[in-house]
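FYI, side chains are in, hydrogens and waters are out, and symmetry mates aren't considered; it's all heavy atoms of this structure.
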Amino acid sequence: MGIIIVENSLRTPGLLSAAKRPKEISEVVEFVRQKLGFDPDAEQELVLRGGRRGIVLCTRQWGKSTVMAAKAVHRAHTAPRSLILVMAPCGRQSGEFLRKAEAFVSRLGIKARGDGVNDISIVFPNGSRIVGLPENEAKVRGFSNVSLLLIDEASRVKDESYRAMRPTLALGNGDLWLMSTPNGRRGFFYEEWAHGGPAWERIRVAAPDCPRIKPEFLAEEQAREGDKWFRQEYLCEFVEREGAVFSQESIDAAMQDFEPLDL
């Protein structure tokens with residue numbers, strides 16, 4: 001699988017735009033439009049059609065949770081007895097994701113109900129489940145044969161939790177998608193985006209490219225919050241954390257291997 005980066009406002013040579021993707025409506029996109037009543041934009045279509053490994057680096061209020069909820073419902077509805085896990089930094093965020101999924105499930109004529117085991121869950125008539133999890137390593141180790149693992153606000157999830165979740169994909173060779181705004185040049189989300197290699201499909205969408213976010217609002221936010229915060233939250237840049245003594249580039253350079261001196 002190649003690397004696909006959707007990036008319009010921060011153009012860089014070699015990036016592949018959404019316009020260069022196939023124009024045909026795939027089965028999942030057609031399902032989402034016709035069955036779920038959700039009309040995705042071009043970049044959201046890329047997420048829906050995405051393969052085994054994907055990273056969504058996006059602006060605030062782009063709709064990442066909504067499109068991922070649609071992706072999860074499609075998988076659960078069309079692949080019987082599949083298990084979809086959604087992890088977020090806290091139970092409230094997982095619950096909000098499941099509420100969006102429930103709204104889609106109701107459009108299928110299915111009454112959303114829990115699985116009777118997990119507090120934040122939806123069980124489907126075909127035996128599939130969507131389960132929302134808070135970031136708690138002790139509570140995620142019991143799952144296996146996961147078909148689709150989604151990690152929301154991944155830049156705020158601990159590395160230990162990420163490592164604990166990945167083995168759940170082993171038996172079913174499941175799909176893994178990370179989605180978040182940036183949070184400094186640290187952690188697994190940054191490392192997978194910057195150094196994870198060609199296995200990942202990378203989709204980046206900044207606020208100026210989202211037609212649902214007005215330019216006047218962005219100008220107000222930039223003036224109010226400052227350039228550094230604005231670049232992180234709306235332009236999807238991995239900026240250095242406030243108060244950092246050394247830049248990430250300096251730390252990386254210090255960790256390089258050098259030939260020993262011939263004394």
Validation row: Glu237, Lys228 side chains within 4.5 angstrom (heavy atoms): no

Test log, rule side-chain contact (heavy atoms from CB on, under 4.5 Å), inputs Phe38 and Val67: CA-CA 8 Å; Phe38 174 58; Val67 69; 4.1 Å; yes

Euclidean distance, Ser161 OG relative to Arg166 CZ, rounded to 0.5 Å: 14.0 Å

Residue pair Trp62 / Asp209, side-chain heavy-atom distance below 4.5 Å: no

Sidechain-backbone polar pair: Asp159 side chain, Phe188 backbone, donor-acceptor under 3.5 Å: yes

Distance in Å, Trp177 CH2 paired with Glu201 CD, rounded so as to fall on 0.5 Å steps: 4.5 Å

Heavy-atom side-chain proximity of Glu30 to Arg33 below 4.5 angstrom: no

Expected output: side-chain Asn118 to main-chain Gly132 donor-acceptor under 3.5 Å: no

Pairwise distance CZ(Arg75) to CG(Leu48) - rounded to 0.5 angstrom: 11.5 Å

Phe31 and His77 aromatic ring geometry - parallel, tilted or perpendicular at 30°/60° bounds: tilted

CG on Asn173 to OG on Ser147, rounded to 0.5 Å: 10.0 Å

Residue Arg224 excluded, over 12 heavy atoms near CZ under 6.0 Å: no

Heavy-atom closest pair, residues Val32 and Ala70: CG2-CB, 4.1 Å

Greater than 12 external heavy atoms within 6.0 Å of Gln61's CD: no

Nearest atoms (heavy-atom pairs only) where Phe124 meets Ile110: CD2-CD1, 4.1 Å

SB check Glu45 Arg49 (cutoff 4.0 Å): yes

Flag side-chain contact, heavy atom, 4.5 Å: Val123 against Arg113: yes

Point-to-point distance, once rounded to the nearest 0.5 Å, from CG of Leu83 to OG of Ser121: 10.5 Å

Mutual orientation of the aromatic rings belonging to Phe238 and Phe189 [parallel < 30°, tilted 30-60°, perpendicular > 60°]: tilted

Nearest heavy-atom neighbours spanning Ala101 and Val73: O-CG2, 3.7 Å

Heavy-atom side-chain contact between Leu46 and Pro40 under 4.5 Å: no

Arg99 and Glu96: CA distance, side-chain angles, deciding distance, salt bridge (charged side-chain N to carboxylate O under 4.0 Å, His left out) verdict: CA-CA 5 Å; Arg99 278 188 284 275; Glu96 185 61 29; 3.0 Å; yes

Step-by-step side-chain contact (heavy atoms from CB on, under 4.5 Å) determination, Leu133 to Ile120: CA-CA 7 Å; Leu133 301 170; Ile120 306 174; over 6 Å; no

Heavy-atom closest contact (Pro167 atom, Arg163 atom, distance): CD-O, 3.1 Å

Check: Met87 and Tyr162 side chains under 4.5 Å, non-hydrogen atoms: no

Nearest-0.5 Å distance, CZ of residue Arg156 to OG1 of residue Thr181: 4.0 Å

Side chain proximity check, Ser82 to Ser128, heavy atoms < 4.5 angstrom: yes

Pair Glu153-Lys64, salt bridge (charged side-chain N to carboxylate O under 4.0 Å, His left out): steps then yes or no: CA-CA 10 Å; Glu153 295 298 344; Lys64 62 178 174 57; 3.1 Å; yes

Atom of Arg53, atom of Leu169 and distance for their closest heavy-atom approach: NH2-CD1, 4.3 Å

Phe230 side chain reached by Leu218 side chain, heavy atoms, under 4.5 Å: yes

Residue pair Asn183, Tyr190: steps toward the side-chain contact (heavy atoms from CB on, under 4.5 Å) verdict: CA-CA 8 Å; Asn183 187 27; Tyr190 169 73; over 6 Å; no

Heavy atoms of other groups near Asp119 CG, more than 12 under 6.0 Å: no

Criterion side-chain contact (heavy atoms from CB on, under 4.5 Å) on Met68 and Val86, from CA distance to verdict: CA-CA 10 Å; Met68 284 299 187; Val86 182; over 6 Å; no

Ser155 versus Pro182, closest heavy-atom pair with distance: OG-C, 3.9 Å

